[in-house]
Structures are given as C-alpha cells and as structure tokens.
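Everything below concerns the one structure shown next.
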Number of protein chains: 2
Amino acid sequence: MKNKKNELTKNQKIVLDFIQKSNKPVKAYSILSNVSKKGLKAPPQVYRALEKLIEVGEVHKIESLNSFVACNSKCIEPNGTIFSICKSCDQTTEVSNADLAKFLSDFKDMNGTQFSGFNLELFGTCKSCKA
Amino acid sequence: MKNKKNELTKNQKIVLDFIQKSNKPVKAYSILSNVSKKGLKAPPQVYRALEKLIEVGEVHKIESLNSFVACNSKCIEPNGTIFSICKSCDQTTEVSNADLAKFLSDFKDMNGTQFSGFNLELFGTCKSCKA
DNA sequence: AAATATTTCGTTATATTATAACACTACCTT
DNA sequence: AAGGTAGTGTTATAATATAACGAAATATTT
Ligand SMILES: [Zn+2]
Ligand SMILES: [Zn+2]
Ligand SMILES: [Zn+2]
Ligand SMILES: [Zn+2]
C-alpha cells in the first residue's frame, strides 16, 4: 500500500490550481514565476509537482510546446491523449472523440501487437485566429 | 521561384548523413559532437541544418524525445507523422499504415473543420526489449 | 506512542536543449 | 555588376530540465 491519504500536497495543489486557471498551455518557468509568491522558488519544486500531477492524470504535457495543461477530465483512454493545437496562438484543447480514441487504442503494429499508450497532436487554426 | 539548384548544402548533408546512419533517434548535441570533426562546431550550425532538413521532409523531430530521425521515405501524408516508440530503449520507427494515416488526415473537429497536420506517437515495447 | 520507512521539501548547482545577433560568404536572378 | 536570398561561422545567452543532498513531514510498523 502506498498512500492511505491519497491527496495532493500543498505544492501540487498550487501548481495544479494555476494550470487550471490558465486558458492555454503553460510553461514550467511561467508556472514558477506565477506561483513564486506562494512559496515555490526553484524549478525542482515545480517540476516535481508536475511529475506527480502528470502521473495521477490531472495534467498533460504538450510535447510540441514544452507546456502543460490541465486534463479536461474527459480523457477517454487512460493511456492515450489527443490534443488540438492552434499553430498560430498555441491555444490547445483536449479532444474527446470516442471513435478516434478507440481507433488509436485498438491500433496494432505489423506484428499484431497493441501499443500501451499514445499521444496525438492535431494542428490547425483556432476559431479566433481564423477571424 | 526559390532555389533553382534544389540541393542540400554541405552542412545539411553532413547532418543528414549522420542521422541516417543512426538506428535510433539522435539528439542535437549528439549530432554536434559526432560531426565536429567535419567542421560543425557550434549548436546553431546543427540546428539550422535540422530546421532545413525538417522543412524539406528528410528529417522528423520526435517531440517526446527531443530527438531527430531520418524519414523512412514512406511518409504517407505530407503533413502528418506517425511513430512507434519503445518506452524502454527509445528505438523508434516511422509507421506507415494507410488506414491510420487516412483516418487521421480525414479527422475533423467538432465544427467539421479539418486539421492541417498531425503528429502521432505510439508507445510500446520493442521486440528486443521484450525478449 | 516510538521506531522505521517513505515521500516530499527547500536549496544549490548544473545539465540539456535551443535561439539571438552579427558580420560575412556563396550563389542565383536580373 | 547589382541586388536579393539563403547559408555560414562565431559568440553569447535564453529556455528547459535534472542531480544531489540534507531536513522536514507523513505514513506504516512495532
Ligand atoms: Zn486528459
Ligand atoms: Zn489560435
Ligand atoms: Zn517520414
Ligand atoms: Zn526497446
């Protein structure tokens, strides 16, 4: 047994709170400077919180942006993530499409072996950038 | 008209050559140290070559590894990439599966708008790591 | 409750990845 | 030859991420 009280710690909550309030993916050092008044003063404190938050599924990393977003809690597949990213403003939303998620989860390689996880990043232009 | 002689430059060829000879994704600074005897001595020289090689489609960046691979020249979709990545050794192969590529290219968002590009990274365990 | 193990914390230093800026060169186009 | 574009070499620095270590907090066992 690992952690009877399965709650986030203070630092983890502070970081998650900031990410959830952001409407775009946020960078680690942006998190750091924005929560420094709450006591987090060095990169490891932020990166450690992020690591945990990602582990428990509250946060995802947007690899192509080196940035972090809160899970919209519509993750369909536990080990797969799908994002829609605006090429012009980086606005990012988690895509929940059952067909797509199923297609990806069920996908097998040449040998018929299934994958254990996936990350799909779809690039386009968001509504406000089109206008 | 851009470039009548549509060839790669010396530096670009050196970098591409090294990437093609590698059997795994390679990191920029690993490229740098490996081609330094051929005259490339500073990061910008490598990153500029990479930028061009990516632009012309000879090289892809593996975002989750901050590494680079040569295109296996089986890119089905011009603006979409699909990779299979071993979680344990980082061995990476470009996946060419017409059904999957078509599914992703045709995928539309809630508003029915098509995306202009995508990158899919599939995670699993490679043959040799399973053994 | 006390002892032990585990996890988190704060901190300093450093590693890794990537780009800005600038003067200069090579080549293509007219 | 003149002008434009792309590439080069170089120095410096920005941006992203982790190693290491001892102290503090929390959980588990005795
Ligand atoms: Zn999610
Ligand atoms: Zn946008
Ligand atoms: Zn390719
Ligand atoms: Zn492997």
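Here is how names work: the chains are called A, B, and so on, in the same order as the sequence lines, proteins then strands, and each is numbered from 1. Because the structure is a prediction, the values reported are computed rather than measured.
- Rounded to an integer number of Å, the gap from A:Leu32 CG to D:dA15 P is 13 Å.
- Looking only at side-chain heavy atoms (C-beta outward), A:Ile85 and A:Ser64 come within less than 4.5 Å of each other.
- Between A:Lys27 and D:dT16, a side-chain N or O to OP1/OP2 separation shorter than 4.0 Å is present.
- Taking atom NZ on B:Lys38 and atom C1' on D:dG9, their separation rounds to 19 Å, with Å as the unit.
- Note: NZ (A:Lys13) to C1' (C:dC9) measures 16 Å, nearest angstrom.
- Mapping A:Arg48 and B:Asn66 onto DNA chain C via the closest heavy atom, the residue that lands nearer the 5' end is A:Arg48.
- Across the protein-nucleic acid pair, B:Glu7 atom CD and C:dA26 atom P stand 18 Å apart, rounded to whole Å.
- Residue B:Tyr47 has a polar side-chain atom (N or O) positioned under 4.0 Å from OP1 or OP2 of C:dA18.
- Regarding contacts with the backbone of C:dT17, every side-chain N or O of B:Tyr29 stays at 4.0 angstrom or more from both OP1 and OP2.
- Going from atom CD1 of A:Ile14 over to atom C1' of C:dT8 covers 13 Å, rounded to whole Å.
- Residue contacts for B:Gln12: at a heavy-atom cut-off of 4.0 Å it reaches the sugar-phosphate backbone alone, with no base atom in range.
- In this model, the phosphate group of C:dG10 is not approached by any side-chain N or O of A:Lys41 to a distance below 4.0 Å at OP1 or OP2.
- Tested against B:Glu58 for a side chain to side chain contact (heavy atoms under 4.5 Å, CB included), the candidates B:Leu50, B:Ile19, B:Leu16 yield a single pass: B:Leu16.
- Between A:Lys10 and C:dT7 there is no side-chain polar atom (N or O) within less than 4.0 angstrom of OP1 or OP2.
- With rounding to whole Å, B:Glu63 atom CD is found 14 Å from D:dT16 atom C1'.
- Within the model, atoms NZ of B:Lys38 and CD of B:Gln45 stand 14.5 Å from one another, a figure rounded to the nearest 0.5 Å.
- At the phosphate of C:dG10, OP1 or OP2 sits under 4.0 Å from a side-chain N or O atom of A:Gln45.
- At its two ends the helix from C:dA1-D:dT30 to C:dT30-D:dA1 runs along axes set 40° apart, each axis drawn from five pairs and the angle rounded to 10°.
- The side chain of A:Lys52 places an N or O atom within less than 4.0 Å of a non-bridging phosphate oxygen (OP1 or OP2) of C:dT8.
- Residues A:Lys13 and A:Leu8 share a closest heavy-atom pair of CE-O, 3.4 Å.
- With rounding to the nearest 0.5 angstrom, the NZ atom of A:Lys21 is 11.0 Å from the CG atom of A:Asn34.
- Nearest heavy-atom pair across B:Leu32 and B:Lys41 is CD1-C, 3.9 Å.
- When rounded to the nearest whole Å, the span between CD1 of B:Ile31 and C1' of C:dA18 equals 13 Å.
- Linking Ile, Leu, Val, Met, Phe, Trp and Tyr residues whenever their side-chain heavy atoms come within less than 4.5 Å places B:Val95 and A:Leu120 in a single cluster.
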Derivation of the side chain to side chain donor-acceptor pair (under 3.5 Å) call for B:Glu77 and B:Asn79: CA-CA 6 Å; B:Glu77 297 297 332; B:Asn79 297 307; over 6 Å; no

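- The phosphate of C:dG10 (OP1 or OP2) has a side-chain N or O of A:Asn11 nearer than 4.0 angstrom.
- Positionally, the nearest nucleotide of DNA chain D for B:Leu40 lies more toward the 5' end than for the other of A:Lys61 and B:Leu40.
- The side chain of A:Thr9 contributes no N or O atom lying less than 4.0 Å from OP1 or OP2 of D:dA25.
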